[in-house]
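Following: one structure in structure tokens, then a few remarks.
Just so it is clear, the structure is predicted and the values come from calculations on it, not from any experiment.
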Amino acid sequence: MNYFGNLGSRMPEKSRKIFISYSHQDSEIVERVLSSLRTSDVIDYFYEFFFDTEAIRIGGHIADSLATALKSSDYYVLFISESSQKSDWVKREIATAFELARKKELTVVPLLVQGAEVPFEFRGLLYVDFREDFTRAVRQLEGFFESEVTQAREVAKPNVAGLQPHPPPTACKDFLGVMRLGDLRQLLTRRLTNNDIKVVWFDVFNTRMEDEVGAVPLALSCVELLDRARRQEVLDQLLKGLCQNHPYLGKAAEQAWLSGVKDVER
């Protein structure tokens with residue numbers, strides 16, 4: 001089901017930047033993955049990729065260009081392979097990415113390719129496995145990025161989305177529901193702590209977060225919380241739990257919604 005309306009006649013928004021980190025020995029599969037992603041109208045509309053063979057100007061200082069691009073990105077897509085795990089360049093990028101994740105400024109999305117094993121720091125977290133079924137992995141990666149720009153309520157109940165107009169939001173869960181999933185994740189990252197996430201995690205999944213993902217930065221905890229709820233189709237339950245435990249989130253979401261309405265009316 002298309003939740004995004006007709007984008008064909010609108011200028012691309014390109015409001016979200018994806019930094020691609022990889023070893024040049026993996027260029028073939030990297031090109032293949034990016035070509036597949038760009039066939040999605042939604043991804044092509046909302047996202048801009050920083051892919052060094054395209055984005056670094058000839059004659060530019062490569063290290064400075066990469067550092068600037070990484071710090072201005074919203075997502076860090078890391079192709080993990082035997083080659084990338086040996087690359088000093090990629091290791092420097094990973095260190096910078098994790099520091100930005102700790103500062104709540106970047107979302108890390110690892111992709112496993114060419115026989116690589118899951119690194120210790122990513123075990124239990126979101127990752128996409130391209131080692132065996134390429135088509136399935138592309139669908140999973142597309143699903144993640146498309147959900148990031150979809151309203152939470154549409155992701156929570158896709159079978160009824162778009163069949164009839166939604167009434168204006170009035171309660172906490174309504175206001176959280178009208179946020180795009182990526183914006184909701186950023187709200188949780190700004191307003192909650194890792195301990196808060198652990199409580200909500202237990203309420204929704206009936207397991208302890210530390211048993212599932214270990215000790216990770218808050219930003220990565222929020223990525224896993226929302227994406228796992230999406231994949232297990234319990235996002236509606238998560239929204240209810242957030243409002244029960246942290247009703248002030250609804251007020252913050254309401255302010256964001258009202259701000260958006262005013263922008264449209266101008």
Side-chain angles (χ1 to χ4, degrees), residues 1-4 16 18-54 73-87 90 93-94 97 101 106-150 154-156 158-159 161 181-182 185 205 207 211-214 216 220-235 238:
M1 182 175 291
N2 179 9
Y3 307 148
F4 304 91
R16 298 168 189 243
I18 301 174
F19 185 101
I20 308 296
S21 178
Y22 66 103
S23 165
H24 278 269
Q25 295 182 43
D26 302 320
S27 294
E28 183 177 345
I29 190 168
V30 173
E31 291 274 13
R32 188 180 172 198
V33 171
L34 292 184
S35 295
S36 297
L37 288 180
R38 284 169 172 153
T39 63
S40 163
D41 290 339
V42 174
I43 292 175
D44 188 58
Y45 180 83
F46 284 102
Y47 293 95
E48 178 182 1
F49 295 90
F50 186 89
F51 184 37
D52 60 6
T53 58
E54 298 175 349
S73 296
D74 303 293
Y75 302 89
Y76 176 76
V77 171
L78 169 63
F79 282 79
I80 301 174
S81 68
E82 291 180 345
S83 298
S84 69
Q85 289 174 319
K86 297 175 182 176
S87 168
V90 172
E93 290 177 359
I94 292 173
L106 192 67
T107 299
V108 180
V109 183
L111 313 183
L112 297 183
V113 298
Q114 297 182 358
E117 295 301 319
V118 182
F120 176 78
E121 58 267 38
F122 293 122
R123 290 176 185 171
L125 293 174
L126 163 74
Y127 65 86
V128 182
D129 192 344
F130 280 86
R131 293 173 297 183
E132 295 184 5
D133 190 334
F134 182 90
T135 301
R136 180 177 180 275
V138 166
R139 285 200 300 266
Q140 183 181 349
L141 190 58
E142 285 179 350
F144 171 75
F145 282 120
E146 290 181 356
S147 70
E148 284 282 287
V149 292
T150 307
E154 307 290 359
V155 178
N159 292 330
L181 208 60
R185 174 176 48 75
F205 303 117
T207 60
D211 293 337
E212 300 281 333
V213 302
V216 295
L220 296 183
S221 297
C222 291
V223 171
E224 185 60 27
L225 174 71
L226 286 172
D227 198 63
R228 187 171 296 207
R230 175 183 72 86
R231 298 193 312 266
Q232 296 186 13
E233 299 182 353
V234 292
L235 189 57
L238 173 60

Handout entry: Option passing side-chain contact (heavy atoms from CB on, under 4.5 Å) with Y75 (candidates I18, V223, V108)
Key = I18
Practice task
Work out which heavy atom in V128 is nearest to a heavy atom in A137; give both atom names and the distance.
Solution key: CG1-O, 3.4 Å
Practice task
Could you please spell out the steps behind the side-chain contact (heavy atoms from CB on, under 4.5 Å) verdict for E142 and T39?
Solution key: CA-CA 10 Å; E142 285 179 350; T39 63; 4.1 Å; yes
Problem - Verdict with reasoning, R231 to E224, per salt bridge (charged side-chain N to carboxylate O under 4.0 Å, His left out) - result: CA-CA 10 Å; R231 298 193 312 266; E224 185 60 27; 3.5 Å; yes
Completion exercise
Value for CD (Q232) from CG (D227), rounded to nearest 0.5 Å, stands at 10.0 Å
Exercise for the section: Step by step, work out the side-chain contact (heavy atoms from CB on, under 4.5 Å) result for V77 and Y22. Expected result: CA-CA 9 Å; V77 171; Y22 66 103; over 6 Å; no
Exercise for the section: State, to 0.1 Å, how close I29 and F79 come at their nearest heavy-atom pair, and which atoms those are. Expected result: O-CE2, 4.5 Å
Handout entry: Nearest-0.5 Å distance that lies between atom CD in E148 and atom OG1 in T107
Key = 6.0 Å
Problem - From L225 atom CG to L220 atom CG, the distance as rounded to the nearest 0.5 Å - result: 12.5 Å
Handout entry: Between CG on residue D129 and CG on residue L141, distance to nearest 0.5 Å
Key = 12.0 Å
Fill in the blank from the handout: Tightest non-hydrogen contact, residues A229 and L238, listed as CB-CD2, 3.8 Å
Problem - Polar side-chain atom of S35 near backbone of R32 as donor-acceptor pair, under 3.5 Å - result: no
Practice task
Could you check I80 against Y127 for side-chain contact (heavy atoms from CB on, under 4.5 Å), going step by step and ending with a plain yes or no?
Solution key: CA-CA 10 Å; I80 301 174; Y127 65 86; over 6 Å; no
Exercise for the section: Identify which one of F145, F19, F144 satisfies the ring pair (Phe, Tyr, Trp, His ring centres under 6.0 Å) criterion when paired with Y47. Expected result: F145
Fill in the blank from the handout: Tightest non-hydrogen contact, residues S83 and Q25, listed as OG-OE1, 3.3 Å
Exercise for the section: For L181 and L235, run side-chain contact (heavy atoms from CB on, under 4.5 Å): C-alpha distance rounded to whole Å, both residues' side-chain angles, the deciding distance at 0.1 Å, then the answer. Expected result: CA-CA 10 Å; L181 208 60; L235 189 57; 3.8 Å; yes
Fill in the blank from the handout: CG of L34 to CD1 of I20, rounded to nearest 0.5 Å, is 5.0 Å
Exercise for the section: Decide, yes or no, whether a salt bridge links R139 with E146 under the criterion of side-chain N to carboxylate O below 4.0 Å. Expected result: no
Problem - Distance in Å, R230 CZ paired with T150 OG1, rounded so as to fall on 0.5 Å steps - result: 9.0 Å
